[in-house]
Amino acid sequence: MTELLIPDSLILELQEIYQGMEKDYNRVARQLSFGCSGCPDNCCDSFFLHHTYVEWAYLWMGFRQLASATQQEILERSAAVVLACEQALRQGERPQVMCPLNEEGLCTLYSYRLLVCRTHGVPASMTRPDGKTLTFLGCFRCQKITDDLRLQGADIPLVERTPLLHRLAMLENTLLQGDRQRYPKVKLTIAQMLCMGPPALLL
Ligand code: SF4
Ligand code: SF4
């Protein structure tokens with residue numbers, strides 16, 4: 001297998017996109033006086049699928065920097081998470097299983113975490129290429145804040161995700177050398193991305 005590696009210029013672009021997402025997130029969180037501190041929940045047990053090769057490859061860049069014993073532990077946890085998710089899905093339930101990268105409440109690969117990990121929490125909006133606009137209300141704690149604000153007649157700030165998602169789609173296209181259609185669609189959990197190994201370049 002030839003590994004799909006991210007050239008340095010594209011790594012910089014991905015990091016800029018991630019920084020942009022964090023900036024937008026922090027702005028809205030500040031406006032809403034919202035934060036995760038003291039939350040009884042931990043979103044890292046939420047079931048999310050991830051959709052880009054570039055994030056998959058970047059996650060593996062971070063994973064490789066961990067000590068080999070840590071990698072081994074995470075891979076074992078990942079295999080267990082994959083099985084638990086499959087079992088829940090077979091029973092028609094939405095899986096709720098802790099991400100294998102979460103260690104005592106903290107993300108082992110914080111600076112390599114994926115887009116969804118960086119955007120979940122505050123209200124957001126995005127317009128798909130077909131013109132349909134999707135809105136996200138934010139997590140249950142944030143919704144309590146926005147519900148109260150609505151009752152007071154206040155405007156609710158939100159993150160407009162479209163421009164940065166568009167940049168991410170362009171970046172993905174560049175990484176796949178404009179040949180995106182040839183690659184199978186990515187629809188994977190973090191645990192699956194780790195169990196499957198880094199993504200492969202199609203020759
Ligand atoms: S995003 Fe919301 S639910 Fe998740 S940890 Fe933060 S406050 Fe809690
Ligand atoms: S990658 Fe990190 S932030 Fe994202 S779900 Fe896993 S532990 Fe949580």
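Keep in mind that this is a model prediction, so the values were computed, not measured.
Relative to the six-membered ring of Tyr183, Arg180 misses at least one condition, a distance below 6.0 Å or an angle of at most 45° to the axis.
Heavy-atom minimum distance, Gln65 versus Gln71: N-NE2, 4.5 Å. Listed here is the closest heavy atom pair of Pro199 and Met1: O-CE, 4.2 Å. Considering every non-hydrogen atom in both Arg141 and Ser37, the closest pair reads NH2-O, 3.3 Å. Nearest heavy-atom pair across Pro157 and Gln31 is CB-OE1, 2.9 Å. Listed here is the closest heavy atom pair of Leu175 and Tyr53: CD2-C, 4.1 Å. Across Met21 and Thr119, no two heavy atoms sit closer than the pair SD-CG2, 4.2 Å.
At least one side-chain heavy atom of Leu194 sits under 4.5 Å from a side-chain heavy atom of Leu59. Met61 has its side chain within reach of Ile11: a pair of non-hydrogen atoms, C-beta onward, lies under 4.5 Å apart. Annotation: side chain of Leu4 is not in contact with side chain of Val54 (no heavy-atom distance under 4.5 Å). The side-chain heavy atoms of Ser125 and Thr162, taken from C-beta on, include no pair separated by under 4.5 Å. Using a 4.5 Å cut-off on side-chain heavy atoms (C-beta onward), Tyr112 and Leu101 make no contact. Between Val81 and Cys99, the closest side-chain pair of non-hydrogen atoms is not below 4.5 Å. The shortest side-chain heavy-atom distance between Met126 and Phe136 falls under the 4.5 Å cut-off. Between Gln15 and Tyr18 there is no side-chain heavy-atom pair separated by less than 4.5 Å.
Both Leu49 and Leu89 are members of a single hydrophobic cluster when ILVMFWY side chains are connected at heavy-atom separations under 4.5 Å. Linking ILVMFWY residues whenever their side-chain heavy atoms come closer than 4.5 Å, directly or via other members, places Ile6 and Met196 in the same cluster. In terms of hydrophobic clustering, with Ile, Leu, Val, Met, Phe, Trp and Tyr side chains grouped at heavy-atom distances under 4.5 Å, Leu66 and Met98 are assigned to different clusters. In the hydrophobic clustering of this structure, Leu188 groups with Leu202; members are Ile, Leu, Val, Met, Phe, Trp, Tyr whose side-chain heavy atoms approach within less than 4.5 Å, directly or through other members.
Looking at Asp130 and Lys132, no side-chain N of the basic residue comes within less than 4.0 Å of a carboxylate O on the acidic one, giving no salt bridge. Of the charged side-chain nitrogens involved, at least one lies within less than 4.0 Å of a carboxylate oxygen, so that Arg150 and Asp147 count as a salt-bridged pair.
The distance from atom CG of Leu109 to atom CD1 of Ile74, rounded to the nearest 0.5 Å, is 6.0 Å. Taking CD1 from Ile17 and CG from Leu171, the interatomic distance works out to 5.0 Å, rounded to the nearest 0.5 Å. Cys142 SG to Lys144 NZ: the interatomic distance, rounded to the nearest 0.5 Å, is 11.5 Å. Interatomic distance, Leu164 CG to Gln19 CD, rounded to the nearest 0.5 Å: 11.0 Å. Here the CG-CG distance, from Leu115 to Leu14, works out to 9.0 Å after rounding to the nearest 0.5 Å. Between atom CD of residue Glu73 and atom OG of residue Ser78 there is a gap of 11.5 Å, rounded to the nearest 0.5 Å.
Proximity of a side-chain donor or acceptor of Glu22 to a complementary backbone N or O of Arg118 within less than 3.5 Å is not detected. Side chain of Trp60 to backbone of Met193: a donor-acceptor contact under 3.5 angstrom is found. Although no hydrogens or angles enter the test, the distance criterion places a donor-acceptor pair under 3.5 Å between the side chain of Arg113 and the main chain of Tyr110. For Glu93 (side chain) and Ala88 (main-chain N/O), no donor-acceptor pair under 3.5 Å exists by modelled atom type. Between the side chain of Gln152 and the backbone N or O of Ala154, no donor-acceptor pair lies under 3.5 Å.
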Step by step, would you call Glu172 with Leu168 a side chain to side chain contact (heavy atoms under 4.5 Å, CB included)?
CA-CA 6 Å; Glu172 175 83 342; Leu168 185 68; 5.8 Å; no

Going through the checks in order, is the side chain to side chain contact (heavy atoms under 4.5 Å, CB included) test met by Ile190 and His50?
CA-CA 7 Å; Ile190 288 171; His50 307 271; 3.6 Å; yes

Check against side chain to side chain contact (heavy atoms under 4.5 Å, CB included), Phe63 and Leu75:
CA-CA 10 Å; Phe63 184 70; Leu75 288 179; 3.7 Å; yes

Is there a side chain to side chain contact (heavy atoms under 4.5 Å, CB included) between Arg27 and Lys23? Walk through the geometry before answering.
CA-CA 6 Å; Arg27 175 183 49 81; Lys23 201 168 142 219; over 6 Å; no

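The 12-atom threshold is not exceeded at CD of Gln177, counting heavy atoms of other residues, nucleotides or ligands nearer than 6.0 Å. Within a 6.0 Å sphere centred on CG of Asp148, heavy atoms belonging to other residues, nucleotides or ligands number more than 12.
Under the side-chain contact (heavy atoms from CB on, under 4.5 Å) criterion, His166 pairs with Met170, sequence neighbours left out. The side chain to side chain donor-acceptor pair (under 3.5 Å) search around Arg161 returns none, not counting sequence neighbours. Not counting sequence neighbours, the partners of Arg182 by the side chain to side chain donor-acceptor pair (under 3.5 Å) test are Asp179.
Among pairs with a residue in residues 193-203, none fulfils side chain to side chain donor-acceptor pair (under 3.5 Å), at least two apart in sequence or across chains. Residues in residues 186-203 take part in these side chain to side chain donor-acceptor pair (under 3.5 Å) pairs, two or more places apart or across chains: Thr189-Gln192.
If you chain together ILVMFWY residues whose side-chain heavy atoms come under 4.5 Å of each other, Ile156 ends up grouped with Tyr25, Val28, Leu32, Phe34, Val122, Ile145, Leu149, Val159.
Between the side chains of Thr127 and Thr133, at least one donor N or O sits under 3.5 Å from an acceptor N or O.
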